Amino acid sequence: MKTLLDIDYVTRDDKVIIRLFYKKKDGREIEEVTDFKPYFYAVPVDTEKLKGELKKFDKILKIEKKRMVDMKKEIDVLKITVKQPKDVSELRDKIKNLEYCKEVREAAIPFVERYLIDSGLIPMENSEEVGLRIAAFDMEVYNPRGEPNPERDPIIMISYADNLGLKRVWSYKHENIKLDFLEILKDESMIIKKFIDTVNEQKIDIITSYNGDNFDFPYLKDRASRLKINLSLGIDGSVIKLERRGMNLGARVRGRPHIDMYPICRQVFNLSRYQLEDIYLEIFGRKKLDIDVGEMAKVWNSEDIDGLKKLFEYSLSDAVSTLEIAMTLLPLQYELSRITRDLIYESSRSGSGQRVESLLMRKAHEMNILAPNKPSDRLAEERQRTSYTGAYVVEPIKGIHDNIVLFDFRSLYPSILISYNIDPSTIDCECCPEDNYKTPTQHYFCKKKKGFIPRILSELVTKRIEIKKKLREEKDPEKRRLLDVEQHAIKLLANSAYGYYAFARARWYSKGCAESIAALGREYIHKTIREVENFGFKVVYGDTDSVYVIKPKEVDKGKIIDDANSFLKKINEELPEAMELEFEGFYPRGIFITKKRYALMDEKGILIVKGLETRRRDWSNIAKETQNKVLNAILHEKNPEKAAEIVKGVVKRIRKGDVALRDLAINTQITKGLGEYVQPGPHILAAKKAMKRGYEFKRGDIITYVVTKKGVSISDKARIIDFVEEGDYDAEYYINNQVLPAVLRILEALGYSEDELKGFGKQMRLGSF
DNA sequence: AACTGTGGCTCAACGT
DNA sequence: ACGTTGAGCCACAGTT
């Protein structure tokens, strides 16, 4: 039993050799494949004439005529096999321009991926059984003036933790400090070497980090080269490689995949900030050890024994936390890697679009389907410019409602995609102009031939149903966990299929398919609304695939739920087989503010808040907490007076000046280059001010700022939290632009007359509380 | 000349 | 992916 961790290829004596890096129970194995050659396809205008034209290329090893499926039809193609991967990129452009060549296909697939597609190998298969050795590491860097610079600032410690139980911090200089995990070595070079040696000695299979792609590894590599050390972490002794991946970097370790937990966490969680501490709190519900990183250089230079001990402990806790996070999140990553058959290095850095595409590429190969080419940049931009009508949102009935029932469609979009056979190869087919699947758009879909993507999706859905059945019968908690991860991974992929059709860089992009699915979705939600109202319910809100209903004048919960079930029975009989409306929940009380903004109280008294400030990272804690308290007072007790009291108290506290900075901080993401803004908001100006003090920001960073007393406009007053002293905040801003708008919106929806509210608002604004 | 209200615009973040 | 809300900036018109 073995698991495939990585693949690469090398060239020896002009021969291409693919290397498969396996982990076995008792160690590692590198298998070499010598008989696989790169190839691509040419679509001929005239097969024989193109063959003739191809004779002049001596790099071509073999030309074979093949019949393959290209969207709606079968065509003849020439499979052109060459010697070296680089010959593909060299020849494809020349061949593309030949007179008798219409186009080249599958000519831009990296060689390793080509091999993965053709071999059908499954990366990470049996990963649980073989027992992978996983290590996490983290570095602390000397940072006397904020942002460290590898040109001058050394690494002062490296922390390490693995799932065999080894925990270490390697550092230097402070020989008098004694801690059981701490090893004081001679200098920076020695700690880097020790790290490399330990990874090798412990026979580590997977290295994890938190932001290792863009910080730890690039910094380490830079320092190592200055110190003339080879960063030979690869299983074959090779040096780590930094690859460009769009805007970011990827740190690749040969045969021993490096998995960066940071991008995974950004994908898996929805948080205000994504520092290690935030993720740790989110997963484990407890705080990890934290220090003020700004003080680190000072402590490092001191002889403060307690301060130094705390620093080493902090460093270790970073590695230990990263390991714990990895142990929690990696099983899903392994499973995604197995389903899409991408290497874990790739898969763990992929978005949902890329994952769907990987799966499709492999299935297309199995089914003799010729993959469409990726769009050019120009075409992708063109696709991005054109949009289509999406989902339908019902205008809510503003205010409080009691005894609310929620219905929603189980996997609406995947069900539609399957039921209506929605695929680029079945759209507006010529074979069934009359009897076809009709949609509210101008498009219809073939009834005779099952489409490629609907087929794959129904396989996935069937497999998920089987897994869920097994899960119900399984008792062993370990096996249950694996089955659950498996069904979860399939769900993620199935739910990405609709988005994939609208993804501008997709090979199987189809706006017609995407808009047909959306239009059918609208039709079904309209049908549901119509019928549920005929049944005596009243719709208070709905969005895409869900409807919230009440039964006017009915107070008996049992009766309401019985009616809801009778309605479901009726409508589900009318729906296509793959589609089902479900009973999703019962809520004793809820308040609806506007579309996409509402709050519900469930039967346990727990609030579910959607879209309101409470849920947004670009609002301060003080505003969010106050809004939350107001919602509680209103939904639990229907007591607006109590709500007003709460607000009064908060306003007073803000005025007094003793609200802590962390409750005033606002988090806003930078979504483009700092110079590209037409209208820079407070977060941009705060970032620009911080840059003058040596901070660096890039696209995607989340800025945490506070509106201080100094300045004229809000932007002017906004400053990065690190530079703000406790107490230095603009009380009027936090009252009038944060707390009051957030709570007044709730009170307004309660049906206070406009005048009443204005008075109420004004009173608050004037500070009469 | 300084203020106020409004609408257009940009930007961010959410829901599904 | 689209649908939707809302903050903040800015220019402009109409006041004060």
Side-chain angles (χ1 to χ4, degrees), chain A residues 270-272 351-353 356 383-396 398 406-414 416-417 495-506 509-519 521-522 524-525 541-548 584 592-600 608-620 623-624 627 666-674 676-686 699-703 705 707 711-718 733 736-738 740-742 744-745 748-749:
Chain A
N270 181 10
L271 302 175
S272 296
S352 55
V356 172
R383 287 174 176 181
Q384 212 128 42
R385 270 197 297 277
T386 62
S387 68
Y388 60 92
T389 314
Y392 172 63
V393 187
V394 185
E395 187 67 48
K398 255 186 209 188
L406 167 58
F407 296 120
D408 72 6
F409 280 98
R410 181 162 48 92
S411 321
L412 179 68
Y413 286 174
I416 292 175
L417 192 152
N495 286 339
S496 308
Y498 157 73
Y500 178 80
Y501 277 146
F503 169 44
R505 309 205 88 91
Y509 169 90
S510 171
K511 200 185 111 181
C513 289
E515 73 178 328
S516 298
I517 294 171
R522 288 198 304 274
Y524 278 106
I525 204 78
Y541 180 57
D543 185 347
T544 312
D545 58 359
S546 63
V547 275
Y548 293 87
E584 214 5 74
F592 292 82
I593 315 293
T594 59
K595 287 178 178 180
K596 300 188 189 283
R597 315 185 99 219
Y598 59 95
L600 301 161
I608 296 131
V609 184
K610 302 283 182 180
L612 293 171
E613 284 72 10
T614 303
R615 302 281 314 223
R616 294 177 65 98
R617 68 155 161 250
D618 56 352
W619 282 75
S620 60
K624 298 201 285 189
Q627 186 184 56
I666 296 167
N667 298 292
T668 311
Q669 193 180 199
I670 302 181
T671 58
K672 44 183 141 183
L674 280 185
E676 294 167 44
Y677 279 86
V678 180
Q679 216 173 80
H683 65 301
I684 301 302
L685 290 221
R699 242 179 81 169
D701 286 350
I702 292 168
I703 305 295
Y705 70 93
V707 177
V712 188
S713 66
I714 295 166
S715 292
D716 213 17
K717 295 176 181 178
Y733 170 82
N736 294 317
N737 297 37
Q738 291 277 324
L740 291 186
L744 287 178
R745 254 191 284 283
E748 192 183 14

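Labels below follow one simple rule: chain letters A, B, ... track the order of the sequence lines, proteins then strands, and each chain is numbered from 1. Just so it is clear, the structure is predicted and the values come from calculations on it, not from any experiment.
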Practice problem: Output yes when at least one side-chain N/O atom of A:Asn737 is less than 4.0 Å from OP1 or OP2 of C:dA7, else no. | Solution: no
Practice problem: Could you tell me whether A:Tyr413 contacts a base, only the sugar-phosphate backbone, or nothing, with contacts defined as non-hydrogen atoms closer than 4.0 Å? | Solution: nothing
Quiz item: How long is the line joining CG of A:Asp716 and P of C:dA7, in whole Å?
Solution: 21 Å
Quiz item: A:Ile525 has an atom CD1; how far is it from atom P of C:dG3, in whole Å?
Solution: 15 Å
Practice problem: Rounded to the nearest angstrom, tell me the gap between atom CD1 in A:Ile714 and atom P in B:dC11. | Solution: 17 Å
Which atom pairs link the protein and nucleotides 1-7 of chain B when you take only N or O atoms and keep those under 3.5 Å?
none

Exercise. Show your reasoning for whether side-chain contact (heavy atoms from CB on, under 4.5 Å) applies to A:Asp618 and A:His683.
Key: CA-CA 10 Å; A:Asp618 56 352; A:His683 65 301; over 6 Å; no
Quiz item: Between A:Leu674 (CG) and B:dT10 (P), how many Å, whole number?
Solution: 19 Å
Quiz item: If you look at every strand shown and take non-hydrogen atoms under 4.0 Å, does A:Phe409 touch a base, only sugar-phosphate, or nothing?
Solution: nothing
Exercise. Mind listing the closest non-hydrogen atom pair of A:Leu412 and A:Gly521 along with its distance?
Key: CD2-CA, 4.0 Å
Quiz item: What are the two closest heavy atoms between A:Ser272 and A:Arg617, and how far apart are they?
Solution: OG-CB, 3.3 Å
Quiz item: Do you know which two heavy atoms are closest between A:Val712 and A:Lys717, and how far apart they sit?
Solution: O-CE, 3.4 Å
N/O to N/O distances under 3.5 Å, protein versus nucleotides 14-16 of chain B:
{"residue": "B:dC14", "atom": "OP1", "partner": "A:Arg615", "partner atom": "O", "Å": "3.0"}
{"residue": "B:dC14", "atom": "OP1", "partner": "A:Arg617", "partner atom": "N", "Å": "2.9"}
{"residue": "B:dG15", "atom": "OP1", "partner": "A:Gly611", "partner atom": "N", "Å": "3.2"}
{"residue": "B:dG15", "atom": "N2", "partner": "A:Lys596", "partner atom": "NZ", "Å": "3.3"}
{"residue": "B:dG15", "atom": "N3", "partner": "A:Lys596", "partner atom": "NZ", "Å": "3.0"}
{"residue": "B:dT16", "atom": "OP1", "partner": "A:Tyr598", "partner atom": "OH", "Å": "2.5"}
{"residue": "B:dT16", "atom": "O3'", "partner": "A:Asp543", "partner atom": "O", "Å": "3.4"}
{"residue": "B:dT16", "atom": "O3'", "partner": "A:Asp545", "partner atom": "OD1", "Å": "2.2"}

Self-check item: Non-neighbouring partners of A:Thr544 that pass side-chain contact (heavy atoms from CB on, under 4.5 Å), sequence neighbours left out
Solution: A:Ala391, A:Tyr413
Quiz item: Among C:dG8, B:dA12, C:dT4, which is the nearest nucleotide to the side chain of A:Thr668?
Solution: B:dA12
Quiz item: Between A:Gln679 and C:dC10, is there a side-chain N or O to OP1/OP2 distance below 4.0 Å?
Solution: no
Practice problem: Report which part of the nucleic acid A:Tyr677 touches: base, sugar-phosphate, or nothing (heavy-atom distance under 4.0 Å, all strands). | Solution: sugar-phosphate
Self-check item: Nucleotide C:dC9, atom P - distance to NE2 of A:His683 in whole Å
Solution: 12 Å
Quiz item: Do the side chain of A:Glu613 and the base of C:dG6 come within less than 3.5 angstrom through a donor-acceptor pair of N or O atoms?
Solution: no
Practice problem: Report the C-alpha separation of A:Phe503 and A:Val356 in whole Å, then their side-chain angles, then the decisive distance to 0.1 Å, and conclude whether the side-chain contact (heavy atoms from CB on, under 4.5 Å) test is met. | Solution: CA-CA 11 Å; A:Phe503 169 44; A:Val356 172; over 6 Å; no
Exercise. Look at the rings of A:Phe592 and A:Tyr598 and say which category their plane angle falls in: under 30° parallel, 30 to 60° tilted, over 60° perpendicular.
Key: parallel
Exercise. Could you check whether A:Arg745 gets within reach of a base, just the sugar-phosphate, or nothing at all, counting any heavy atom under 4.0 Å?
Key: sugar-phosphate
Practice problem: In whole angstrom, give the distance that lies between atom CG of A:Leu685 and atom P of B:dC11. | Solution: 13 Å
Quiz item: Side chains of A:Asp543 and A:Lys596: closer than 4.5 Å at any heavy-atom pair?
Solution: yes
Quiz item: Taking only residues two or more places apart in sequence or in another chain, which ones pass ring pair (Phe, Tyr, Trp, His ring centres under 6.0 Å) with A:Tyr705?
Solution: none
Quiz prompt | A:Leu740 versus A:Asn736, closest heavy-atom pair with distance | solution = CD1-OD1, 3.9 Å
Quiz item: Roughly, in whole Å, what's the span from CG in A:Asn667 to P in C:dA7?
Solution: 18 Å
Self-check item: d(CD1, A:Ile593; C1', C:dT5) in whole Å
Solution: 12 Å
Quiz item: Got a sec, which residues hit salt bridge (charged side-chain N to carboxylate O under 4.0 Å, His left out) with A:Lys624, two or more places apart in sequence or on another chain?
Solution: none
Exercise. Looking at every strand, decide which applies to A:Lys672 at a 4.0 Å heavy-atom threshold: base, sugar-phosphate, or nothing.
Key: sugar-phosphate
Quiz item: Step by step, would you call A:Ile666 with A:Gln738 a side-chain contact (heavy atoms from CB on, under 4.5 Å)?
Solution: CA-CA 10 Å; A:Ile666 296 167; A:Gln738 291 277 324; 3.5 Å; yes
Quiz item: Heavy atom of residues 496-505 of chain A under 4.0 Å from DNA chain C: which residues?
Solution: A:Ala502, A:Phe503
